[in-house]
Protein chains: 2
Amino acid sequence: MSEGATTSRAASASATREAIGKAGRRLFNRQGYAGTSVRQIAAAAGADPALVIRYFGSKERLFLETMPVEGRFDHVTNGPLEGLGRRLVASLLTESPELTFSIWRSMLRASDSELVRERLVSAMEEMFIVPLAPRLVGPHAELRARLVAAQISGLLDAVAILADERITEASDEQLIAFYGDSIQTLVDVPADPVGHDLGDPLDEQN
Amino acid sequence: MSEGATTSRAASASATREAIGKAGRRLFNRQGYAGTSVRQIAAAAGADPALVIRYFGSKERLFLETMPVEGRFDHVTNGPLEGLGRRLVASLLTESPELTFSIWRSMLRASDSELVRERLVSAMEEMFIVPLAPRLVGPHAELRARLVAAQISGLLDAVAILADERITEASDEQLIAFYGDSIQTLVDVPADPVGHDLGDPLDEQN
DNA sequence: GTCTATACGTCGATAGAC
DNA sequence: GTCTATCGACGTATAGAC
């Protein structure tokens with residue numbers, strides 16, 4: 001039998017697949033989804049463009065496979081509620097932030113695709129809502145957890161997409177203190193629980 | 001002379017241009033930038049695809065012309081600082097929110113383009129930073145104003161891009177209260193001014 | 001000046017030969 | 001398992017008809 005040849009061909013195949021995946025990850029992170037072509041990835045991997053589709057099905061699915069979205073904030077979301085806001089921002093800004101920003105930038109801009117959008121939603125869910133919502137005390141815990149996630153999105157937008165220089169150049173300490181404390185208001189038990197029926201200027205205690 | 005003919009041709013030209021612009025605006029808002037083709041716009045306007053380029057220069061510039069980004073929050077950013085956070089969120093959620101969300105969605109996803117990104121940045125600057133920064137009291141006023149803008153981005157992401165159903169289905173009152181009060185933390189004079197070793201330790205008056 | 005016809009180069013994806 | 005050839009669609013450009 002020609003087992004030797006078969007094995008070596010299979011080995012070469014999986015090696016090619018891996019090379020394509022690696023090149024895809026690098027190029028997607030550097031130039032985004034739309035800015036990267038299948039032909040470019042193939043060239044960088046030393047492979048034929050048709051193999052990119054053959055191994056991964058589509059450019060879209062290759063993209064999803066190259067975007068790692070594990071839970072990178074467990075140690076914060078599982079920690080004490082006191083000061084959690086600040087620690088969340090600190091974790092975001094100090095633990096391989098460039099990779100986080102790059103992934104956020106690429107995925108948000110590619111969220112035209114339903115698959116990408118769904119992945120983005122489920123990633124936020126896993127990283128923030130699931131661990132945080134059941135721990136929050138007070139009314140509307142899940143909604144508040146989701147609003148915490150929204151605020152994280154906002155900070156990511158500012159630094160990774162809009163690239164606001166005034167924020168980018170600010171010290172981590174300042175960002176952690178200001179933005180973290182703002183997030184903390186959603187973590188803490190709300191002082192005035194939304195109230196009776198807003199739209200009514202009855203809040204004289206403010 | 002053939003002035004009559006010339007005039008009618010010119011009128012037809014500007015009418016065609018307008019039809020293209022209108023079709024572009026509608027399609028971009030409905031399907032986003034990448035999901036809309038020049039040929040599609042031309043067909044919807046009853047014009048030739050080449051005219052789209054002729055009148056607007058490129059698909060990118062047509063897109064920018066169809067995205068209105070005026071200052072829609074002046075009445076809030078110029079109002080009293082007390083309760084400004086809540087009024088900002090309220091304004092966002094109640095004053096033609098669908099249009100706001102649609103524009104945000106389209107522009108963020110098209111921010112691969114430098115021109116689009118710059119427009120997005122300058123729009124945020126005009127709408128929030130310029131009116132708000134000089135009014136905030138306390139240290140790091142501009143940075144805090146920019147972080148307010150970041151939080152607005154986060155809420156827009158949640159409703160317009162991620163389409164978080166739990167947030168979308170929440171009552172405006174809840175969102176206004178929770179998210180607005182969180183934003184208010186950045187508007188109010190910070191209780192603990194970031195601290196001691198921060199480059200400018202002279203703000204003891206807070 | 002206003003517009004049509006046509007073409008160029010590139011894209012993601014596929015079929016089928018080796 | 002790999003590659004060649006090719007498809008239809010895209011953004012864009014231009015020559016030339018009215």
Side-chain angles (χ1 to χ4, degrees), chain A residues 1-21 23-24 27-28 31-66 106 109-110 112-116, chain B residues 1-21 23-24 27-28 30-66 106 109-116:
Chain A
M1 322 277 208
S2 53
E3 280 220 348
T6 308
T7 314
S8 93
R9 272 196 211 150
S12 152
S14 65
T16 301
R17 204 197 123 100
E18 203 168 337
I20 291 173
L27 291 173
F28 282 140
Q31 332 179 54
Y33 180 75
T36 305
S37 76
V38 169
R39 288 165 166 84
Q40 222 176 352
I41 295 169
D48 190 274
L51 293 180
V52 177
I53 305 298
R54 176 153 189 88
Y55 287 141
F56 292 90
S58 70
K59 179 188 177 185
E60 191 183 20
R61 283 210 283 276
L62 168 59
F63 177 71
L64 282 175
E65 268 199 48
T66 60
S106 297
R109 285 178 176 161
D112 280 304
S113 149
E114 252 310 284
L115 286 180
V116 173
Chain B
M1 321 285 201
S2 53
E3 279 219 348
T6 309
T7 315
S8 93
R9 272 198 209 149
S12 150
S14 64
T16 301
R17 204 196 122 100
E18 203 168 336
I20 290 174
L27 290 173
F28 282 139
R30 188 179 301 165
Q31 330 179 37
Y33 179 75
T36 305
S37 76
V38 171
R39 288 165 166 84
Q40 224 177 352
I41 295 169
D48 190 274
L51 292 181
V52 177
I53 304 300
R54 178 156 189 85
Y55 287 140
F56 292 91
S58 70
K59 178 188 178 185
E60 191 183 19
R61 284 210 282 276
L62 168 59
F63 177 71
L64 283 175
E65 268 199 47
T66 60
S106 297
R109 285 178 176 162
S111 64
D112 282 305
S113 149
E114 254 308 286
L115 286 180
V116 173

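Note on naming: letters A, B, ... go to the chains in the order of the sequence lines (proteins, then strands), and numbering restarts at 1 for each one.
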Could you tell me the separation between the [atom1] atom of [X] and the [atom2] atom of [N], rounded to a whole number of Å?
| X | N | atom1 | atom2 | result |
| --- | --- | --- | --- | --- |
| A/Leu27 | C/dC11 | CG | P | 13 Å |
| B/Ile20 | C/dT4 | CD1 | C1' | 13 Å |
| B/Ile53 | C/dC8 | CD1 | P | 18 Å |
| A/Ile41 | C/dT10 | CD1 | C1' | 15 Å |
| A/Glu60 | C/dG12 | CD | P | 12 Å |
| B/Phe63 | D/dT12 | CZ | P | 13 Å |

>> Angle between the end axes of the helix from C/dG1-D/dC18 to C/dC18-D/dG1, five pairs per end, to the nearest 10 degrees?
In response: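 The helix from C/dG1-D/dC18 to C/dC18-D/dG1 shows an end-to-end axis angle of 10°.
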How close do [X] and [Y] get, heavy atom to heavy atom, and via which atoms?
| X | Y | value |
| --- | --- | --- |
| A/Gly32 | A/Ser106 | CA-OG, 4.2 Å |
| A/Arg17 | A/Phe56 | NH2-CE2, 3.4 Å |
| B/Gln40 | B/Gly35 | OE1-O, 3.7 Å |
| A/Gly21 | A/Thr66 | O-CG2, 3.6 Å |

> When we call it a touch if two heavy atoms are under 4.0 Å apart, what does B/Ala47 touch: a base, just sugar-phosphate, or nothing?
Replying inline: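 Nothing, no nucleic acid heavy atom in range.
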>> Just to verify, which of A/Leu115, A/Val116, A/Thr36 counts as forming a side chain to side chain contact (heavy atoms under 4.5 Å, CB included) with A/Phe63?
In response: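 Passing option: A/Val116.
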> Has the side chain of A/Arg39 got a donor or acceptor atom sitting under 3.5 Å from an opposite partner on the base of C/dG12?
Replying inline: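 Indeed there is one.
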>> Taking 4.0 Å as the cut-off, does a side-chain nitrogen or oxygen of B/Thr16 come that near to OP1 or OP2 on C/dT2?
In response: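 Looking at the OP1 and OP2 atoms of C/dT2, neither is under 4.0 Å from any side-chain N or O of B/Thr16.
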> Quick one: is B/Tyr55 getting a side-chain N or O under 4.0 Å of the C/dT2 phosphate, OP1 or OP2?
Replying inline: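 It does not, given that no N or O in the side chain of B/Tyr55 lies less than 4.0 Å from OP1 or OP2 of C/dT2.
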> Which nucleotide in the set C/dA15, C/dA13, C/dT4 lies at the smallest distance from any side-chain heavy atom of A/Lys59?
Replying inline: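 Shortest atom-to-atom distance from the side chain points to C/dA13.
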> Which listed nucleotide (C/dT14, D/dC10, C/dA5) is nearest to the side chain of B/Ser37?
Replying inline: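 Looking only at heavy atoms from C-beta outward on B/Ser37, the closest nucleotide is D/dC10.
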>> By nearest heavy atom, map B/Gln40 and A/Leu51 onto DNA chain D; which one lands nearer the 5' end?
In response: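 Result: A/Leu51.
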> Does A/Glu18 CD have over 12 foreign heavy atoms under 6.0 Å away?
Replying inline: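 Counting other residues, nucleotides and ligands, CD of A/Glu18 stays at 12 neighbours or fewer.
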> How do A/Val38 and A/Arg54 order along DNA chain C: which one's closest nucleotide is nearer the 5' end?
Replying inline: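 Its nearest nucleotide being more 5', the pick is A/Val38.
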>> Heavy-atom nearest nucleotide on DNA chain C for B/Asp48 versus A/Ser58: which residue maps closer to 5'?
In response: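 Looking at DNA chain C, the more 5' nearest nucleotide goes with B/Asp48.
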> Atom CG of B/Asp48 and atom CZ of B/Arg54: how far apart are they, to the nearest 0.5 Å?
Replying inline: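 Here the interatomic distance stands at 11.5 Å.
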